[in-house]
Amino acid sequence: QVQLVESGGGLAQPGGSLRLSCAASGNSINVMGWYRQAPGKERELVATISSGGTTNYADSVKGRFTISRDNAKNTAYLEMNSLKPEDTAVYYCAGGATIWPARRTGDYDHWGQGTQVTVSS
């Protein structure tokens with residue numbers, strides 16, 4: 001049984017930074033991803049990363065967000081810089097996809113509980 005636990009969300013000012021972590025317990029995870037969901041909107045892809053470190057980003061976060069992982073710790077990270085108010089959402093960690101780049105929510109077997117990120121002055 002795989003469990004994903006996110007941490008690191010909170011309040012940031014526009015232009016600020018936050019770092020999210022996703023710790024996976026149980027079996028090692030192949031593709032991991034970060035998604036987000038704003039109120040009244042569908043869950044959308046933020047970034048994905050393969051076990052080998054290949055990455056894929058949504059156009060809206062390219063150049064601002066960086067996804068990484070530590071396979072020894074079974075943990076993925078999302079470094080978010082130059083935050084904008086439109087980045088405000090609940091951010092979810094996803095794992096267990098066996099295809100690449102695994103852009104669809106249905107590609108993943110496991111989800112975290114989500115962590116709130118609010119960007120506001």
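Below, each value reflects all heavy atoms present in this structure, side chains not excepted, and no hydrogens, waters or symmetry copies.
Counting non-hydrogen atoms of neighbouring residues, nucleotides and ligands closer than 6.0 angstrom, the CD atom of Glu86 exceeds 12 such neighbours. Within a 6.0 Å radius of CG in Asn27, other residues, nucleotides and ligands contribute 12 heavy atoms or fewer. Within a 6.0 Å sphere centred on CD of Gln3, other residues, nucleotides and ligands contribute 12 heavy atoms or fewer.
The backbone N or O of Gly114 lies less than 3.5 Å from a partner atom in the side chain of Glu6, making a donor-acceptor pair. A side-chain donor-acceptor contact under 3.5 Å links Thr48 to the backbone of Pro101.
In this structure, Met32 and Cys22 have side chains that are in contact, with non-hydrogen atoms separated by less than 4.5 Å. Side-chain contact check for Thr66 versus Tyr57: some heavy-atom pair is nearer than 4.5 Å. Using a 4.5 Å heavy-atom cutoff, the side chains of Ser120 and Pro85 are not in contact. Residues Val119 and Lys84 form no side-chain contact, since every pair of their non-hydrogen atoms from C-beta on lies 4.5 Å or further apart. Contact of the Val117 side chain with the Thr88 side chain is not registered, since no non-hydrogen atoms from C-beta on lie closer than 4.5 Å. Between Val46 and Leu78 the shortest side-chain heavy-atom distance falls below 4.5 Å.
Smallest separation of non-hydrogen atoms from Ala38 and Ala89: N-CB, 3.8 Å. Tyr108 and Arg104 make their closest contact through CD1-O, 3.5 Å (heavy atoms, listed as atom of the first residue, atom of the second, distance). When all heavy atoms of Leu4 and Ala24 are compared, the closest pair comes out as CD2-CB, 3.4 Å. Scanning all heavy atoms of the two residues, the minimum distance from Leu83 to Arg64 falls at CA-NH1, 3.9 Å. When all heavy atoms of Ala102 and Ala97 are compared, the pair lying nearest together is CB-CB, 3.6 Å. Taking every heavy atom of both residues into account, Trp34 and Ile67 meet most closely at CD1-CD1, 3.6 Å.
A distance below 6.0 Å separates the ring centres of Tyr35 and Trp111.
Between the side chains of Tyr91 and Arg36, a donor-acceptor pair is found at a separation under 3.5 Å.
Atoms CD1 and CZ, on Ile49 and Arg69 in that order, are 6.0 Å from each other to the nearest 0.5 Å. Here Ile29 contributes atom CD1 and Ser51 contributes atom OG; the two are 11.0 Å apart, rounded to the nearest 0.5 Å.
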| said: Before you tell me yes or no, could you show the steps for Thr75 and Asp70 under side chain to side chain donor-acceptor pair (under 3.5 Å), namely the whole-Å CA-CA distance, both residues' side-chain angles and the distance that decides it to 0.1 Å? | reply: CA-CA 5 Å; Thr75 299; Asp70 184 334; over 6 Å; no
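Taking hydrophobic clusters as Ile, Leu, Val, Met, Phe, Trp and Tyr residues chained together by side-chain heavy-atom distances below 4.5 Å, Tyr92 does not share a cluster with Leu18. Cluster annotation: Leu45 and Val90 are assigned to the same hydrophobic cluster (Ile/Leu/Val/Met/Phe/Trp/Tyr, side-chain heavy-atom contacts under 4.5 Å, transitive).
In this structure, Arg19 forms a cation-pi arrangement with Tyr77, its terminal cationic atom sitting closer than 6.0 Å to the ring centre and no more than 45° off the ring axis.
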